[in-house]
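In each ligand, atom 1 is the first atom listed, and ligand 1 is the first ligand listed. Hydrogens, waters and symmetry mates play no part in the numbers below; they use all other heavy atoms, side chains included.
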Amino acid sequence: MRAVLEVDLNAIRANWRALSVAPETGAVVKADAYGLGLTPVAQALARGGATSFFVAQVEEGVALRTALGAGPEITVFSGLMQAQDAALFRDYALVPCLNSIEQCVDFATYLGGQPFGLQYDSGMNRLGLEAQDLAHLPDLGTPRLIMSHLSCSDEPSHPQSAAQLAAFVEMAPQGRRSLSATGGTLLGPDYHFDITRPGIGMYGGMPFAAAQPVVTLSLPVIQVRDVQVGESVGYGAHWIAQRPSRIATVSSGYADGLIRALSGGATLWAGDMPCPLAGRVSMDLMGVDVTDLPHVPQMLDILGPHQGIDALADAAGTIGYEILTSLGTRYARHYVG
Ligand SMILES: *Cc1c(COP(=O)(O)O)cnc(C)c1O
């Protein structure tokens, strides 16, 4: 019996619709749709009305075009990284987001006349053209999109967002513009421009506090044992029974993306009953203290109505994005909707 990851495609679509406040709303499906499955997620969003998609890498764009067929616009954030990729952009009708003068020159050489976007660096210093680069670009025609990315949009009061907004407007006074991911979308209409690029909010994560939950992850119980006071559980003999205890061993561990940093902090759920993790997370297994349950069910939930991706992330000192994109390949994946 395998652990079951259930993905609610209706919830993803509802979250995308709820975030659709700009003239146009794209959908970011990089990293296998944040670990939830590129093909089913992108097809569900396309059925729900999304027509512009964003990925990080050209190979993801190829997979996405194969899933969606002709029609939807697919933009690749990393742009034209090497000349050998030019054929992929052309053959799969992918729009590279050009990030440097070198990328612009290569684009003119290998893909001149094809659609392209430009990414401007408005202050994150991660990817994109700087203001002083703009005078030195080859003549490529009109970009399909001019975008930039905010570094602190998950903190509404952070002054960095307003500074980046001003820098973006100065660098890009006109054109089809895009500045905001989920966080920026929630900062208000000044940040919307022509098209937004939500990712995490569609998948039920912060900073979209009103998001519908998208994932449920249920782990099968392999074995149950009773331990006496003073006996230990798991690697390092770290957890020691303070009372006569019942321990369920569930089948999933850090190889499934339930990262080791969850040790000591996470809770699993039997319906409404919380059951704390007992001992360290191992590669394929973890111990759960089920002493307080009247009977031990076949499955215990680690993601669900009582504990979403951000709550689980908090237990490990990380963010919901990392929990989602770490989810492993060994789950049985059920798509609903
Ligand atoms: C990942 C990414 C997004 C989506 O960000 P979320 O915070 O998940 O909404 C948008 N734009 C760029 C450039 C990205 O890298």
Any Lys/Arg nitrogen of D292 or R243 sitting under 4.0 Å from an Asp/Glu carboxylate oxygen of the other? yes
Residues clustering with V227 (ILVMFWY side chains joined when closer than 4.5 Å, directly or via others): V233, W239, I247
For E24, run the side chain to side chain contact (heavy atoms under 4.5 Å, CB included) check against T196, D194, I195 and tell me which one passes. I195
Output every pair passing ring pair (Phe, Tyr, Trp, His ring centres under 6.0 Å) with a member in residues 136-168, not counting sequence neighbours, ordered by first then second residue. F168-F193
Pairing residues for R13 by the side chain to side chain donor-acceptor pair (under 3.5 Å) criterion, not counting sequence neighbours: N10
Sub-4.5 Å side-chain heavy-atom contact between M286 and L262: no
Could you check ligand 1 for N or O atoms lying under 3.5 Å from protein N or O atoms and list the pairs with distances?
unit_1, atom_1, unit_2, atom_2, d
ligand 1, 7 (O), Y321, OH, 2.6
ligand 1, 8 (O), Y34, OH, 2.5
ligand 1, 8 (O), I200, N, 2.8
ligand 1, 9 (O), T182, N, 2.9
ligand 1, 9 (O), T182, OG1, 2.6
ligand 1, 9 (O), G199, N, 2.8
ligand 1, 9 (O), I200, N, 3.4
ligand 1, 11 (N), H149, ND1, 3.4
ligand 1, 11 (N), R197, NE, 3.0
ligand 1, 11 (N), R197, NH2, 3.3
ligand 1, 15 (O), K30, NZ, 2.7
ligand 1, 15 (O), R126, NH2, 3.3

